[in-house]
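We use all heavy atoms of the structure for the numbers below, so side chains are in, but hydrogens, waters and symmetry mates are not.
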Amino acid sequence: ISPSNSFLLYHPGQPQYYEYFLRENANIYWVHFTGNAVPQILEHLGLDQGICFESRSNKRYTMIYDMMIEELTSRRPLFLEYTSHLMQELLLNLSRSIVYNMELAHTTIVLMEQALNILNQHYRGNINFTAIASELKMSPSWFSRCFTSYFQMSPQRYLTNIRLGKSKTLLLSDVSM
């Protein structure tokens with residue numbers, strides 16, 4: 001089942017299966033493109049591995065799809081060449097979006113690991129999450145959202161867990177003496 005706002009890319013000769021929920025009120029655009037150069041084009045753009053890419057509600061994609069449909073139905077002069085150009089533009093936009101999201105994800109991972117190090121080093125003191133966000137060059141709300149998404153708990157909850165864990169260790173070590 002494909003989530004809404006997905007871009008499904010099937011390779012030539014690959015069986016095409018997908019499902020969607022009617023309640024999502026999905027717009028479905030189906031583009032079939034062929035040619036000997038398709039595998040090379042997809043490989044060049046880094047789109048040769050997967051078939052489902054999240055595209056969010058990208059207005060640019062919708063605009064390109066609509067332009068392709070208009071060209072194919074109106075059959076203006078050079079409509080096939082123009083539609084081919086639009087398909088290339090669509091694939092370029094998708095490839096660019098994937099690269100950007102991968103870079104963003106990598107950057108977020110690095111920043112969250114830095115935040116984790118800060119919390120683990122300074123858990124005894126007075127922690128100011130706004131200052132940590134500022135040090136990581138993030139807004140406080142974005143820091144909190146990224147941290148919560150990455151660690152499945154808020155920064156405050158994480159700090160509380162560290163402090164409780166260290167307290168428990170100290171209490172147990174005192175009891176064994």
How many angstroms lie between atom [atom1] of [X] and atom [atom2] of [Y], to the nearest 0.5 angstrom?
{"X": "Y123", "Y": "L159", "atom1": "OH", "atom2": "CG", "value": "10.5 Å"}
{"X": "M153", "Y": "T160", "atom1": "CE", "atom2": "OG1", "value": "10.0 Å"}
{"X": "Q88", "Y": "S95", "atom1": "CD", "atom2": "OG", "value": "12.5 Å"}
{"X": "S154", "Y": "R145", "atom1": "OG", "atom2": "CZ", "value": "14.5 Å"}
{"X": "M87", "Y": "M67", "atom1": "CE", "atom2": "CE", "value": "14.0 Å"}
{"X": "L90", "Y": "L94", "atom1": "CG", "atom2": "CG", "value": "7.0 Å"}

Pair up each side-chain donor or acceptor in residues 107-118 with any protein partner under 3.5 Å, not counting sequence neighbours, and list the distances.
{"unit_1": "T107", "atom_1": "OG1", "unit_2": "E103", "atom_2": "O", "d": "2.9"}
{"unit_1": "T108", "atom_1": "OG1", "unit_2": "L104", "atom_2": "O", "d": "2.8"}
{"unit_1": "E113", "atom_1": "OE2", "unit_2": "Y150", "atom_2": "OH", "d": "3.0"}
{"unit_1": "N117", "atom_1": "ND2", "unit_2": "E113", "atom_2": "O", "d": "3.4"}

- Message: Within the structure provided, determine whether L170 and K166 are in side-chain contact (heavy-atom separation under 4.5 Å).
- Response: no
- Message: Is there a continuous path of hydrophobic side-chain contacts, each under 4.5 Å between heavy atoms, that joins L72 to Y65?
- Response: no
Sequence neighbours left out, cut at 3.5 Å: what donor-acceptor pairs do the side chains of residues 76-83 make with other protein atoms?
{"unit_1": "R76", "atom_1": "NH1", "unit_2": "E70", "atom_2": "OE2", "d": "3.3"}
{"unit_1": "R76", "atom_1": "NH1", "unit_2": "E71", "atom_2": "OE2", "d": "3.0"}
{"unit_1": "R76", "atom_1": "NH2", "unit_2": "E70", "atom_2": "OE2", "d": "2.7"}
{"unit_1": "T83", "atom_1": "OG1", "unit_2": "F79", "atom_2": "O", "d": "2.7"}

- Item | Non-hydrogen atoms of P155 and L119 that approach each other most closely | O-CD1, 4.5 Å
- Item | Which atom of T130 lies closest to which atom of P140, heavy atoms considered | CG2-CG, 3.8 Å
- Are any side-chain N or O atoms of S167 and backbone N or O atoms of R163, one a donor and one an acceptor, separated by less than 3.5 Å? yes
- Task: Apply side chain to side chain contact (heavy atoms under 4.5 Å, CB included) to Y158 and N161, showing your working.
- Result: CA-CA 5 Å; Y158 184 83; N161 287 350; 5.6 Å; no
- Query: Got a sec: does the CZ of R157 have more than 12 other heavy atoms crowding it under 6.0 Å?
  - Reply: no
